[in-house]
Amino acid sequence: MKKQDNSGIVVLVSGASSGIGKSTAEYLSQLGYRVYGTSRRPRDYPQPEKYALIEMDVRDSASVNAAVETVLRNEGHIDVLVNNAGYGIGGPVEETDPRIVEQQLDTNFFGLYRVLHRVLKEMRRQGSGRIINMSSIGGRIGLPYQGIYSASKFAVEGLTEALYKELHGSGIRVLMIEPGDYKTGFTARREMVVPDELQDRMAQSRRIIEHDEQSGRPPLEIAQLIDKVIRKKYPRLRYPVGAFDQKLSLFLKRILPDSCFDRIIMQYYKVKSGK
Ligand SMILES: NC(=O)c1ccc[n+]([C@@H]2O[C@H](COP(=O)([O-])OP(=O)(O)OC[C@H]3O[C@@H](n4cnc5c(N)ncnc54)[C@H](OP(=O)(O)O)[C@@H]3O)[C@@H](O)[C@H]2O)c1
């Protein structure tokens, strides 16, 4: 088989200091892509050999602009954006302070939008490009005790679904990856918002959520999928990835009445009813 030459393809990966982003930056750079990964604190990490780790905080437009300018100054163009930076909040919706909700949206939704908005301007100028937004299975299913996180990913889904249509025929393609559980730094970094009196009630659900993530699949699988979708001529809008039962749940959500599907999810996560 002919070896692909990726050396002219410039990829910007947000949130590349850990997990899915790091795996993606490593894998794509091994395949010869010219990769720029980002972190809020790149100096906290050893500078990777095959790609650059540059500073970007997606919560700050000036920081986003500076990072994009760095790539453009060095390369002159950006062909692929992997819009990946994000984190989770865990706990009951009603116990989450609105400021914490704003912070979650500020990173997972507005942050993703800040990067997309800046890079898309450049891709319009180029007349080509590919934007890969990192959604989640939680962007298709409202996950109990991850409601704020789910809301941020539902927002990503709505935005991407609309933009997909708006970019039709432009030479630029936008799509989403919807991971189930992958073993990354996500679990350890999750901000938990659980008042003492609810700790016991939530304990079993929390154990299931964390166990599923920590016994999740390797993020390399997503990096390999990203390489495939970059090379696909006509990528789809959505790429769900993960364990069989997680992909099955998306199918069941499509065909079952809400009341029935919600019961399955509540039973799975052992959500306790009560006042
Ligand atoms: N792991 C899973 O099971 C799973 C499932 C579905 C979806 N996802 C999604 O996949 C993406 C990556 O998560 P992961 O699992 O790889 O988690 P991770 O290992 O914790 O990595 C998260 C990355 O996001 C970056 N980040 C966080 N806040 C940021 C900010 N304000 N500005 C810039 N970068 C920021 C972090 O970089 P710094 O801290 O260095 O800035 C880090 O590199 C997230 O969008 C997550 O929602 C993960």
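Order of appearance sets the numbers: ligands from 1, and atoms from 1 within every ligand. Only a predicted model underlies this, so the values are computations on that prediction, with no experimental measurement involved. Along the sequence shown, residues are numbered consecutively beginning with 1.
Cation-pi geometry between Arg236 and Tyr239 is satisfied (NZ or CZ under 6.0 Å from the ring centre, within 45° of the ring normal).
At under 3.5 Å, not a single nitrogen or oxygen of Glu213, backbone or side chain, sits near a nitrogen or oxygen of ligand 1. In terms of polar-atom proximity, Gly21 is not counted as a contact of ligand 1, lacking any N or O under 3.5 Å from an N or O of the ligand. Polar contact with ligand 1: present for Asn84 (N/O pair, distance under 3.5 Å). Of the N or O atoms in Gly15, one or more lie within a sub-3.5 Å distance of an N or O in ligand 1. At under 3.5 Å, not a single nitrogen or oxygen of Met134, backbone or side chain, sits near a nitrogen or oxygen of ligand 1. Considering backbone and side-chain atoms alike, Gly185 places an N or O below 3.5 Å from some N or O of ligand 1.
Between Glu55 and Arg40, none of the side-chain N atoms (NZ, or NE/NH1/NH2) sits under 4.0 Å from a carboxylate O, so this pair counts as no salt bridge.
Contact record, Pro144 with Tyr269: CG-CD1, 3.8 Å, taken as the closest heavy-atom pair. Shown here for Thr24 and Ala223, the closest heavy-atom pair between the two residues is CA-CB, 3.6 Å.
Each of the atoms 7 (C) of ligand 1 lies under 4.0 Å from some heavy atom of Ser135. Below 4.0 Å from some heavy atom of Ser39 lie the following atoms of ligand 1, by number and element: 38 (P), 40 (O), 41 (O). Each of the following atoms of ligand 1 lies closer than 4.0 Å to a heavy atom of Tyr45: 40 (O). Those atoms of ligand 1 with a heavy atom of Asp57 less than 4.0 angstrom away are 30 (C), 31 (N), 32 (N). Here is the list of ligand 1 atoms found below 4.0 Å of a heavy atom in Asp181: 3 (O). Atoms of ligand 1 lying under 4.0 Å from any heavy atom of Tyr149, numbered from 1 in the order shown and given with element: 6 (C), 7 (C), 8 (N), 9 (C), 46 (C), 47 (O). For ligand 1, the atoms closer than 4.0 angstrom to any heavy atom of Thr107 are 28 (N), 31 (N).
Of the protein's heavy atoms, Tyr182 N, 2.8 Å lies nearest to atom 3 (O) of ligand 1. Among protein heavy atoms, the minimum distance from atom 37 (O) of ligand 1 is reached at Ser17 OG, 3.1 Å. Scanning the protein for heavy atoms near atom 36 (C) of ligand 1, the closest one is Arg189 NH1, 3.4 Å. For atom 32 (N) of ligand 1, the closest heavy atom belonging to the protein is Val58 N, 3.0 Å. Ranking the protein heavy atoms by distance from atom 33 (C) of ligand 1 puts Met56 O, 3.4 Å first. Among all non-hydrogen protein atoms, the one lying nearest atom 14 (P) of ligand 1 is Thr184 OG1, 3.4 Å. If you check which protein heavy atom lies closest to atom 34 (N) of ligand 1, you get Ala85 CB, 3.3 Å. What sits closest to atom 22 (C) of ligand 1 on the protein, heavy atoms only, is Gly86 O, 3.6 Å.
The proximity of Ala16 to ligand 1, defined as any non-hydrogen pair under 4.0 Å, is limited to the backbone. Heavy atoms of Arg40 found under 4.0 angstrom from ligand 1 belong to the backbone as well as the side chain. At a heavy-atom cutoff of 4.0 Å, ligand 1 is contacted by no atom of Tyr87, backbone or side chain.
Within a 6.0 Å sphere centred on NZ of Lys272, other residues, nucleotides and ligands contribute more than 12 heavy atoms. Counted within 6.0 Å of CZ on Arg231, heavy atoms from surrounding residues, nucleotides or ligands total more than 12; the atom is thus considered enclosed. Atom CD of Glu49 sits in a sparse spot, with 12 or fewer heavy atoms from other residues, nucleotides or ligands closer than 6.0 Å. Atom CZ of Arg190 has more than 12 heavy atoms from other residues, nucleotides or ligands within 6.0 Å. The environment of NZ in Lys183 is sparse: at most 12 heavy-atom neighbours from other residues, nucleotides or ligands sit within 6.0 Å.
Within the structure, the closest approach of Lys153 to ligand 1 falls below 4.0 Å when heavy atoms are considered.
Ring geometry, His117 versus Tyr113: the interplanar angle falls from 30° to 60°, so the pair is classed tilted.
Residues Leu220 and Ile222 form no side-chain contact, since every pair of their non-hydrogen atoms from C-beta on lies 4.5 Å or further apart. Residues Leu250 and Ile141 meet the side-chain proximity criterion, which asks for heavy atoms closer than 4.5 Å. Contact of the Met134 side chain with the Met176 side chain is not registered, since no non-hydrogen atoms from C-beta on lie closer than 4.5 Å.
Between Phe154 and Tyr149, the ring centre distance reaches or exceeds 6.0 Å.
Checking Gly19, Ser18, Gly180 against atom 4 (C) of ligand 1, the nearest heavy atom belongs to Gly180.
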Show your working on salt bridge (Lys or Arg N to Asp or Glu O under 4.0 Å) between Glu157 and Lys153 and close with a plain yes or no.
-> CA-CA 6 Å; Glu157 292 269 339; Lys153 294 296 186 182; over 6 Å; no
